[in-house]
Amino acid sequence: KRFPPGPKWYPLLGSAFQVHKARSRLGSLYEATAELSQTYGPIVGLKIGKTPIVVVYGPQAVKEMSLSEDLLGRPIGEQRRFLVRHLKEFGFGTKNMSILVEEEVSHLIDFIYKSMDGTDSVVFNMESLFSVSILNTIWKMIAGVRYSPEDDKMKTLQKMLSDLFKIIHMIGAAFSHYPILKYIAPELSGYKSYMETHERIWEFLRRDLESHKKGHDPDNPRDLMDVYLNILNSPDHAESFSEEQLLAICMDMFMAGSETTNNSISFGFLYLMLNPRVQKKAQQEIDLVLGNRMPCIDDRRNMPYMEAVTLEALRMFGCRAFVVPHRALKDTYLGGYFIPKDVLIIANLHGCMMGPNSGFENPDKFIPERYLKDGKVVVPENFLPFGLGKRRCMGEALARSNVFIFTTSVLQKFDIHLIPEHPPDMKIVDGVTPAPVHYKARITSRKL
Ligand code: HEM
């Protein structure tokens, strides 16, 4: 039985050293695994410490993997059903969600004006401008709470989340493969800061859960937490439901939804800043369709150019990202190779949206026009930032609304300028989700 080919496995290390070397040379795990696919083909077999991991690259292999019933494993089975059923009630995919996102964006616009302090311009670190607002859209749905963008508690939480994402990456942290590092090098291996950050986020969630319990009225559930508490209070609930599990769901939603959306918006503004032509064209459509009115989700239908800008921002994030790891539910085959039960499989989405067989022309350029045919939006089949199949992203509707409404609203009110003394470094911060390296932009008020 043939396991997928890949770099040689050494005792104890497996192929960790080769992956690490390629990652250090190229700057990211997505580039390192893309390079391995050049040598070994679209399905690469790795071993990190004792853990075999399969990395999949390119549209054909990624689709085969995503659609395989045998490769759908993940830890959250029953809780996923709960989420799918109840998230809709509190916003996902409904009008409520649009209202919630619009509310958040208007707070952000106020915050930007306030930061201008009576002038008509301000400089921001763009990679963190949106983060608290995005966290709010998620937290409002789950726990009914929002925080001001200046709130220290929320800024700290956001910083913790992005730190956590830098410590680990898609094939895990070194200490998860070599547990001895936890004892002999807790600081150097990142284990200590991982644990500390994890505990602090957990504490934050627990505090909000405790204050939530005080206002809980079983007959009037306000949000997802209330529905979960109702299930916990019913005598015959499934054993897997518990307060700890509720906190784990909150943590998963934060982890899955905040940095992904925030970084997609940050990539979008990075390219908009570098492409004033695209910015102008987007603003022409905004002025024509919206005038001074705030955008809502329904406007997407009448704003093909802005919808295309949204898609291109999502592509610029997605092409540097992986899907969440899948696990083989039983012994199976992928592309003719043998995949033993419980092996982890991750798909590098670069091949689908940026690689040579992606079907995207000039893939490294930000070209919204690529999605437009006769004035209508056409989404190419390899556009897969949210994955595919039964495990595809559960937050796609919220994420797309957030990216569309935040980007449209900011462009409606402001111009985004490159600061010549601070040109952006086009490198990325590698981690679970890729982020643009820290960049600044000058935001000026538009004269409408
Ligand atoms: C631009 C933003 C986002 C992107 C690009 C994105 C992308 C993805 C991808 C690629 C996956 C894995 C698909 C697979 O494994 O096949 C995923 C899973 C998931 N996403 Fe998102 N996501 C985004 C935002 C969100 C938001 C806002 C939420 C919710 C608040 C969310 C919740 C989830 C959950 C719960 C899963 C796991 C689903 C499961 O295990 O079955 N995501 N996302």
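Counting from 1, the numbers follow the sequence of the chain as shown. Computation of the quantities below employed the complete heavy-atom set of this structure, encompassing side-chain atoms and omitting hydrogens, waters and symmetry-equivalent molecules. Numbering of ligands and ligand atoms starts at 1, following listing order.
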Applying the ring-ring contact (aromatic ring centres under 6.0 Å, His included) criterion to Y271, which one of F366, Y439, F317 satisfies it?
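That would be F366; it is the only one of F366, Y439, F317 passing the ring-ring contact (aromatic ring centres under 6.0 Å, His included) with Y271.
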Against heavy atoms of [X], which atoms of ligand 1 measure under 4.0 Å?
{"X": "S264", "value": "1 (C)"}
{"X": "F317", "value": "5 (C)"}
{"X": "G257", "value": "25 (C), 26 (C), 27 (C), 28 (C)"}
{"X": "A399", "value": "1 (C), 2 (C), 24 (C)"}
{"X": "T260", "value": "1 (C), 2 (C), 3 (C), 4 (C), 23 (C), 24 (C)"}

Of the choices [options], which has the non-hydrogen atom that lies closest to [atom]?
{"atom": "atom 14 (C) of ligand 1", "options": "M65, K390, R400, H326", "result": "H326"}
{"atom": "atom 7 (C) of ligand 1", "options": "A397, P385, S258", "result": "P385"}
{"atom": "atom 35 (C) of ligand 1", "options": "M394, R392, E396", "result": "M394"}

For G318 and P385, which heavy atoms make the closest approach, and how far apart are they?
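Looks like CA-CB, 4.3 Å.
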Return yes when atom CD of E244 has more than 12 non-hydrogen atoms of other residues, nucleotides or ligands closer than 6.0 Å, and no otherwise.
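Buried by this count: over 12 neighbours within 6.0 Å.
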Residue pair D425 / H438, side-chain donor-acceptor N/O under 3.5 Å
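The answer is no; no qualifying pair exists.
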Without hydrogens or angle criteria, can the side chains of S68 and E64 be said to hold a donor-acceptor pair below 3.5 Å?
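E64 and S68 do not have a side-chain donor-acceptor pair below 3.5 Å.
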Taking C-beta and beyond as the side chain, do F267 and L314 meet within less than 4.5 Å on heavy atoms?
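They are not in side-chain contact.
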Side-chain heavy atoms of L46 within contact of V55, under 4.5 Å
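SC-SC contact between L46 and V55 confirmed.
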Part of C393 with heavy atoms under 4.0 Å of ligand 1, whether side chain, backbone, both or neither:
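Within the 4.0 Å criterion, C393 contacts ligand 1 through backbone and side-chain atoms alike.
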Answer side chain, backbone, both or neither: which part of L314 comes under 4.0 Å from ligand 1, heavy atoms only.
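It is the side chain that touches ligand 1; the backbone stays farther off.
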Do R315 and F383 form a cation-pi contact, if we require the NZ or CZ to be under 6.0 Å from the six-membered ring centre and within 45 degrees of the ring's axis?
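Cation-pi check for R315 and F383: fails.
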Could you tell me whether some N/O pair between R391 and ligand 1 is separated by less than 3.5 angstrom?
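By distance alone, the answer is yes.
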